[in-house]
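What you see below is based on every heavy atom in this structure, not just the backbone, and it leaves out hydrogens, waters and symmetry mates. Numbers here simply count residues along the sequence, with the first being 1.
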Amino acid sequence: MPERLVTIGLHSGLHARPATAFARAAAEQPVPVTISRDGRTPVSARSLLSVLALGAAHGDTVTLAAEGDGAEAALDALAGLLTHD
């Protein structure tokens with residue numbers, strides 16, 4: 001299962017607006033993607049509430065994981081959303 005460690009580059013972290021954009025982008029991916037922080041149980045990246053509950057702030061590292069055809073491309077696309085404002 002491909003994974004990416006991503007450092008949150010968004011100045012506001014994964015708060016309401018960026019978390020919404022991230023969850024929407026995850027829902028558009030052809031494979032399910034999970035996100036986790038600090039070794040916690042991975043949650044669906046498609047779930048806005050789950051993404052918000054991570055409490056990921058600027059500079060925190062999260063792990064994205066996906067499996068299936070298109071997993072690498074999905075992780076690349078979602079990682080890009082987390083690293084830039």
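Here the closest heavy-atom approach between residue Ala77 and residue Gln29 is recorded as CB-NE2, 4.3 Å. The nearest pair of heavy atoms linking Ala74 to Val31 is CB-CG2, 3.9 Å. Looking at every heavy atom in both residues, Pro2 comes nearest to Ala66 through CD-O, 3.0 Å. Of all heavy-atom pairs between Ser44 and Ser50, the closest is O-CB, 4.0 Å. The shortest heavy-atom contact between Ala45 and Ala26 is O-CB, 3.5 Å.
The side chain to side chain contact (heavy atoms under 4.5 Å, CB included) test with Val62 singles out one residue from Ile35, Leu5, Asp38, and that residue is Ile35. A side chain to side chain contact (heavy atoms under 4.5 Å, CB included) with Phe22 is found for exactly one of Val33, Leu52, Val51, Leu10, namely Val51.
Scored by the side chain to side chain donor-acceptor pair (under 3.5 Å) test, Asp76 finds Arg4 as partners (sequence neighbours excluded). Scored by the side-chain contact (heavy atoms from CB on, under 4.5 Å) test, Ala65 finds Met1, Glu3, Thr34 as partners (sequence neighbours excluded).
To the nearest 0.5 Å, the span separating CG on Leu14 from CG on Leu81 amounts to 10.0 Å. Rounding to the nearest 0.5 Å places CG of Asp60 at 7.0 Å from CD1 of Ile8.
Sequence neighbours left out, the pairs with a member in residues 38-71 that pass ring pair (Phe, Tyr, Trp, His ring centres under 6.0 Å) are His11-His58.
Leu78 and Leu48 are assigned to two separate hydrophobic clusters, defined by single-linkage of ILVMFWY side chains at heavy-atom distances under 4.5 Å.
The neighbour count for Arg24 CZ, taken as heavy atoms of other residues, nucleotides or ligands under 6.0 Å away, does not exceed 12.
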